[in-house]
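Because only heavy atoms are used, hydrogens play no part in the values below, and waters and symmetry mates are left out as well, while side chains stay in. The first residue in the sequence is number 1, and the count goes up from there.
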Amino acid sequence: MTGSPARTLLLWCPDWPVLAAEIVDGVPATGPVAVLHANRVVACSERARAEGVRRGLRKREAQGRCPQLTVVDYDPGRDTRAFEPVVAAVEELVAGVEVVRPGACAVAARGPSRYLGGEEAAAERIIEHVAQSCLVESQVGIADGVFAAGLAARAGRVVAPGGTPEFLAGLPVEALGRSALADLLRRLGVRTLGDFAALPAGDVLARFGFDGVLAHRLAAGRDHRPLAVRQPPADLTVTAEHDEPIDRVDVAAFVARTLAEQLHERLAGHGLACTRLGIEAVTEHGQELHRVWRHDGLLTAAAIADRVRWQLDGWLSGSSGRSGARPARPTAGIIRLRLIPDGVIAQAGLQAGLWGETGEERERAHRALNRVQGILGPEAVVTAVLGGGRSPADQVRLVPWGDERVPARPGPPAVPGADPATNGDRAGGGRAGGGQGGGAGRPADRGGGVPPWPGRLPPPAPAVVLPSPLAATVHDTAGEPVVISARLAVSAPPARLVVGTGRPAEIVGWTGPWPVDERWWAPAEARRRARFQVSLADGTALLLAVESGQWLVEAIYD
């Protein structure tokens, strides 16, 4: 590899995990604070270092040196979230920022130095801007390459061009950040980066491998890795302000068309297309309205305009406060409208269907259902999503039309050609009936079916699942209530069923009990019950459950 490393400016915030804990969790960084990972100190405050706390110490030893030590768990997500405002502040002055790690970011030094009047002036300007914008103290180092710039930042130095090898030569081998390699080098008598860089590259490869060769290049100041700069997100939102409040649907339709064309042009300029659209409106009285529209295809300018028009029509045509299906109408006209592309993909990134583009019939259905949602709200049109669970009510989740179809509980993988309501179940067990006089049936999953739902009902699935189970009583042939013991012993074969205050019905077949003991570790959600399938004399088949001594009707079979 030829050429020299690029001049790099690196901003470093000392003790960043401690500062992040103060920013996010309110832990005062001015006191003795230590951040621990795997029971060892990975960062500590200046006050803790004054008490003898060092990186690598175990928790007990660190607390022994500083009894007042505040211990914080290491959280890389917290560190990253807290560092984002610092990166944004740097991007306000320079472009092409690379986040090296939470607490350190780098930029090419050539642009800032020429624009801000030299490398030292650029470093001072960036430090001052970060301090004023984020109230965070930082240091800047400039050298040839990211590795050397990071070490220069710890010393607050600007290394002259071409002086990086000399700057690195006097540093200890621990500066490489490879503890195992540094320990081995010290045992071999190599104590500084200059000593390590003086070794022949071939011998380093033979003794230390490829990672050793990379460390050898860094020690010699030959860091040729280019900066992986991040691209600031483009602002794709379009907004329209109106002096005269919009309270008529025809005016809203005109505004929707104009704003949709602006959004579509802006997306097209970035090679993007919208799949999820956020619509926000603010009324003259300060009322804020928000709705998100989803679509399984690309939203064209006409499609965006239609959805905005439908939504404005739904808001402006709402009820006047009386009870009804429509939501309440805003108390004043709309003065601000924003379109937010909440979900975007590359314009050529959506694959067409197996048999071509979406047909007219499906598109008309989409438009009709979206129109209903615009008038009555997203919950007015729902579809069922099948998932996992042990009871029929648990296996079905209703989601608004257009929302992501994700089951509430993970289910078994789909089996081609299987019944969608019972997909994944194995044979074994069936609907009640045929005079199974008290046979102790069990769900198919308990006999080696698909995890993770042992105790799941066997096929076929019930045709009707009751929103609220109906109270019932079950009696034997002598008229005594049928009781289930803690060991799942049935006191007598079920003979008659009474649902609520209805007339008794004769039970001609039954199977069960199937025990379910769920979430015993969460007392508020724990549930223990036993289920039965019964067949009545009139041909009806029911799913019954016994919970806390009470019989319940949960579902009805065809």
Side-chain angles (χ1 to χ4, degrees), residues 1-16 40 42-43 49 54-56 96-113 118-120 122-123 126-127 138-229:
M1 187 177 294
T2 60
S4 59
R7 294 288 288 174
T8 303
L9 183 151
L10 188 139
L11 179 134
W12 172 63
C13 300
D15 307 326
W16 181 252
R40 289 187 180 274
V42 295
R49 283 193 294 272
R54 296 291 183 271
R55 294 181 59 183
V97 179
E98 174 189 327
V99 179
V100 180
R101 61 182 180 278
C105 60
V107 298
R110 179 181 179 184
S113 63
E119 292 180 344
E120 293 187 0
I126 292 174
I127 292 173
S138 59
Q139 297 179 193
V140 166
I142 302 178
D144 299 335
V146 178
F147 173 72
L151 297 177
R154 296 180 178 273
R157 289 188 54 180
V158 176
V159 180
T164 296
E166 182 181 355
F167 164 70
L168 296 175
L171 299 178
V173 291
E174 286 77 10
L176 291 170
R178 294 164 167 82
S179 57
L181 176 62
D183 181 65
L184 178 57
L185 290 175
R186 281 199 170 274
R187 286 189 278 114
L188 294 175
V190 179
R191 302 183 180 278
T192 64
L193 296 183
D195 296 339
F196 186 39
L199 298 177
D203 294 344
V204 172
L205 175 62
R207 179 64 179 83
F208 303 107
F210 290 103
D211 186 66
V213 172
L214 175 60
H216 183 256
R217 295 186 61 85
L218 295 178
R222 299 194 302 270
D223 181 6
H224 286 271
R225 180 182 71 83
L227 288 174
V229 300

| query | Rounded to the nearest 0.5 Å, how far apart are CG of L176 and CG of D211? | reply | 9.5 Å
| Can you tell me how far the CG atom of L181 sits from the CZ atom of R186, to the nearest 0.5 Å? | 12.0 Å
| task | Please confirm whether the backbone N or O of L199 pairs with a side-chain atom of H216, one donor and one acceptor, at under 3.5 Å? | result | yes
| Where do A106 and T8 come nearest, in terms of heavy atoms and distance? | CB-CG2, 3.9 Å
| field | From L184 atom CG to F208 atom CZ, the distance as rounded to the nearest 0.5 Å | value | 5.0 Å
| Nearest heavy atoms of P14 and S138, plus distance in Å | CD-CA, 4.3 Å
| message | Once ring pair (Phe, Tyr, Trp, His ring centres under 6.0 Å) is applied, do any residues pair with F147, and if so which ones, sequence neighbours excluded? | response | none
| field | Where A143 and A149 come nearest, the two heavy atoms and their spacing | value | CB-N, 3.7 Å
| note | Sorted by chain and number, sequence neighbours left out, side-chain contact (heavy atoms from CB on, under 4.5 Å) with A197 holds for A219, A220
| said: Tell me the closest heavy-atom pair linking V97 and C105, and the distance in Å. | reply: CG1-CB, 3.8 Å
| message | If you count every heavy atom of other residues, nucleotides or ligands that lies below 6.0 Å from R110 atom CZ, does the total exceed 12? | response | no
| said: Give me the atom names and distance for the closest heavy-atom approach of L193 to V173. | reply: CD2-CA, 3.9 Å
| request: Would you please name every residue forming a side chain to side chain donor-acceptor pair (under 3.5 Å) with T164, sequence neighbours left out? | output: D144
| side-chain contact (heavy atoms from CB on, under 4.5 Å) assessment of L171 paired with R154 | CA-CA 12 Å; L171 299 178; R154 296 180 178 273; over 6 Å; no
| field | Note, V100 side chain near W12 side chain (heavy atom, < 4.5 Å) | value | no
| query | CZ of R191 to CD of E174: how many Å apart, nearest 0.5 Å? | reply | 9.5 Å
| task | Report the C-alpha separation of F210 and L205 in whole Å, then their side-chain angles, then the decisive distance to 0.1 Å, and conclude whether the side-chain contact (heavy atoms from CB on, under 4.5 Å) test is met. | result | CA-CA 6 Å; F210 290 103; L205 175 62; 4.0 Å; yes
| request: State, yes or no, whether a side-chain contact exists between E119 and L9 at a heavy-atom distance under 4.5 Å. | output: no
| message | Just verifying a value: how many Å separate R207 CZ and L185 CG, rounded to the nearest 0.5 Å? | response | 9.0 Å
| Can you tell me if R40 uses its side chain to pair, donor with acceptor, with the backbone of G56 under 3.5 Å? | yes
| task | Would you indicate whether the side-chain heavy atoms of R178 and L218 approach each other to under 4.5 Å? | result | yes
| message | When you measure from the side chain of R54 to the backbone of R49, do you find a donor-acceptor pair of N or O atoms at a distance under 3.5 Å? | response | yes
| Is R55 reaching over with its side chain to a backbone N or O of A43, donor-acceptor style, under 3.5 angstrom? | no
| Pairwise distance CD(Q139) to CG(L11) - rounded to 0.5 angstrom | 9.5 Å
| field | P112 to A122 - nearest heavy-atom pair and separation | value | O-CB, 3.7 Å
